[in-house]
Structure formats: C-alpha cells, structure tokens
Amino acid sequence: MLITGNPTILCNLLTVDELTDAAVLCARARLDPAAGRMVSALWAPRTAELALVVHHLVVDGVSWRILLEDWNVAWMQHRGGQPIALAPVGTSFQRWAHLLDTHAGLPEVGEHASTWQRILDTPALLAAPDPVSDTYAVAGHHTAELDTEPTRPLLGDLHAAFHAGLQDILLIAYALAWTEFLGSPDASIGIDVEGHGREENAVPGADLSRTVGWFTTLFPVRIDLTGLDVVDALAGGSTAASAVKLVKETLLGLPDNGIGFGILKYLDRNEELRELPTPQISFNYLGRFAGS
C-alpha cells in the first residue's frame, strides 16, 4: 500500500479558556479530509498551552518527532529574539510521490510482479472471516510487557549476533508463535507486513529524514519453517538461530525492501496483484520511542 499525493492542508485554530478533554474532542471533530482540513489547533492563553490534532493522512509517527523538534527549536529561537530558521527538508512529500510514480515505470520494477504473485499464492491457514460474526466488537486482545532483562538482548545482543533489525527479530518470533498456535510446522505462513515506508534506497537521491507525511508500506511475506523444530526454537534452542537466518534471508530477497509491492499494485495498476487476496495475518512494528 502506498499513500501519495499533496493535499492542501488547512488549519483550524480555536482559542479556549482551558484545554479539556471535551475541547480536544471538539477539535478532532473539526477535521475534514475531504475539505483539506487536516490540522485542528487549540490555544489556551491563560496557561500558554497549545494542543494540535493532526489527521493521520498527513502525519505518521516519524513525522511527529520531526514536528516536535522543529516546534521546540522555533520556540527557543523566538524566546531568544532570533529569527526562526529551521533545517531544510531534503525531499518533499509531493516530490517523493512523483519519484515513486516515475520509479513504477522502470522495466525492472515490473519484472518483480511474478515474485509477489508467488508469495500471494501461499494457502491461507485460517478460515475466511465471517463479516457478520467476526467483528471488532467480539475481537480478543492481548497485551504483554517485557521488563529490562529480556528486552536488553532483544535490542542489542541479537542485532549484533545476527545482523538483523529489531523488526526482523520480532517478525521471526511472530511467525514461530503462529506456527505453534496453528499446529502446522510443515506449512508456509503468509503474513501482511506493514513497514514505515521511508525506503529511500528504492529511489536514488531521496532524503526523507525531515519529511512530514504519512509514509507506509504493506506487503506480503511468505515464511516457510518446514523442517525446523519450532518448540526448540521458541525455547531458545539451537534451532532459533536457523529460524532467524531463514527469515532474514527471506526478507532480504524481497524487491525494493517490500515497497515494490505497493508500487506495482497501485502505481503500475497491476490487476493480477490487485485481485489476489492478501494474507489474513498481519504484523506491524511501530518502532522505538525514547522514554522521555
């Protein structure tokens, strides 16, 4: 999936006596993507508080970090009597959209269609959802928190030992857990993986380090753990290393780090890819945020 374009962004500013939950909800209700109103701001002069509500169509998690840094820098410059001068943006969101559209026309991009078709042909291991009974209202939820001891090797030692990113490690664990849950060690698992979308390497010369917008990719991955001892891998046995290597090589073999799937499906208008069903299992790693 690719979200591209350059909508006109309008900001709706309202002065309030106090920043209450009701005022914030009212600000959110004023967002109107169809009319280009993507930002709604509340200013409470008595307490000098500013609240901004921004529609997800124009901002993502990385964008918030960029904006927060810029607002802090601008405020410090203003307080110091200096002109506000922010660092330049390398590649604008509009320019990125045009670059992707041009990239979609390259012959080598079209040649990857067969690779994505093979991945999408992975048989589903779950029954098709029933739109009547399988709804969000009856969905189950599970939250788990890790303390410092198991988290430290996950963030450092594993990355150094296997030269794999944290998302890769988590996806491997996710695939192993699904294999155990489904009781199908000799079947391939199709997983829809959502990525951050800032794949600069796909388009030479792009610099998205300070670009604000909604960047995302959604692409299928086929993971085949056939022959691996899943129980041993989940217990941290020697099989775990084999599973890490297998899945890491699978991810490295994807065209354009996964962004090529959305390019073909939506920008190249590949009808075969658009008609094939996507995996029923999804995975999304939202990244790391500093404690402060």
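Both backbone and side-chain heavy atoms feed into the values below; hydrogens, waters and symmetry mates do not.
Residue pairs meeting the salt bridge (Lys or Arg N to Asp or Glu O under 4.0 Å) criterion with at least one member in residues 241-252, sequence neighbours excluded, do not occur.
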Asp121 and Arg222: CA distance, side-chain angles, deciding distance, salt bridge (charged side-chain N to carboxylate O under 4.0 Å, His left out) verdict: CA-CA 9 Å; Asp121 283 338; Arg222 178 174 182 163; over 6 Å; no

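For the pair Asn72 (side chain) and Leu68 (backbone), a donor-acceptor distance under 3.5 Å is present.
Below 30°, between 30° and 60°, or above 60°: for His141 and Tyr136 the angle between ring planes is above 60°, a perpendicular geometry.
With contacts defined as side-chain heavy-atom distances shorter than 4.5 Å, the pair Pro255/Thr115 qualifies. Looking at Ser40 and Arg28, their side chains never come closer than 4.5 Å, going by heavy atoms from C-beta outward. A 4.5 Å side-chain heavy-atom check between Val54 and Leu31 finds every atom pair outside the cut-off. A 4.5 Å side-chain heavy-atom check between Leu100 and Ile259 finds at least one atom pair inside the cut-off. The shortest side-chain heavy-atom distance between Leu208 and Arg198 falls under the 4.5 Å cut-off. Residues Thr211 and Trp96 fail the side-chain proximity criterion, which asks for heavy atoms closer than 4.5 Å. Residues Phe93 and Val212 have side chains not in contact (no heavy-atom distance under 4.5 Å, counting atoms from C-beta outward). Annotation: side chain of Glu194 is in contact with side chain of Thr216 (closest heavy-atom distance under 4.5 Å).
A donor atom on one side chain and an acceptor atom on the other are found under 3.5 Å apart for Asp232 and Thr239. Side-chain contact check for Thr47 and Glu18: no donor-acceptor pair (N or O, by modelled atom type) lies under 3.5 Å. A side-chain donor from one of Asp256 and His103 sits under 3.5 Å from a side-chain acceptor of the other.
Separation of atoms CH2 (Trp75) and CG (Leu50) is listed at 10.0 Å; rounding is to 0.5 Å. Of the inter-residue distances, the one linking Leu126 atom CG with Leu182 atom CG reads 5.5 Å to the nearest 0.5 angstrom. Note: Leu67 CG to Arg65 CZ = 12.0 Å, rounded to the nearest 0.5 Å.
Every residue two or more places apart in sequence or in another chain that forms a side chain to side chain contact (heavy atoms under 4.5 Å, CB included) with Ile191 is listed here: Leu171, Tyr174, Ala175, Ile189, Val193, Ile223, Ile281, Phe283.
In this structure, Leu254 and Pro220 approach most closely via the heavy-atom pair CD2-O, 4.4 Å.
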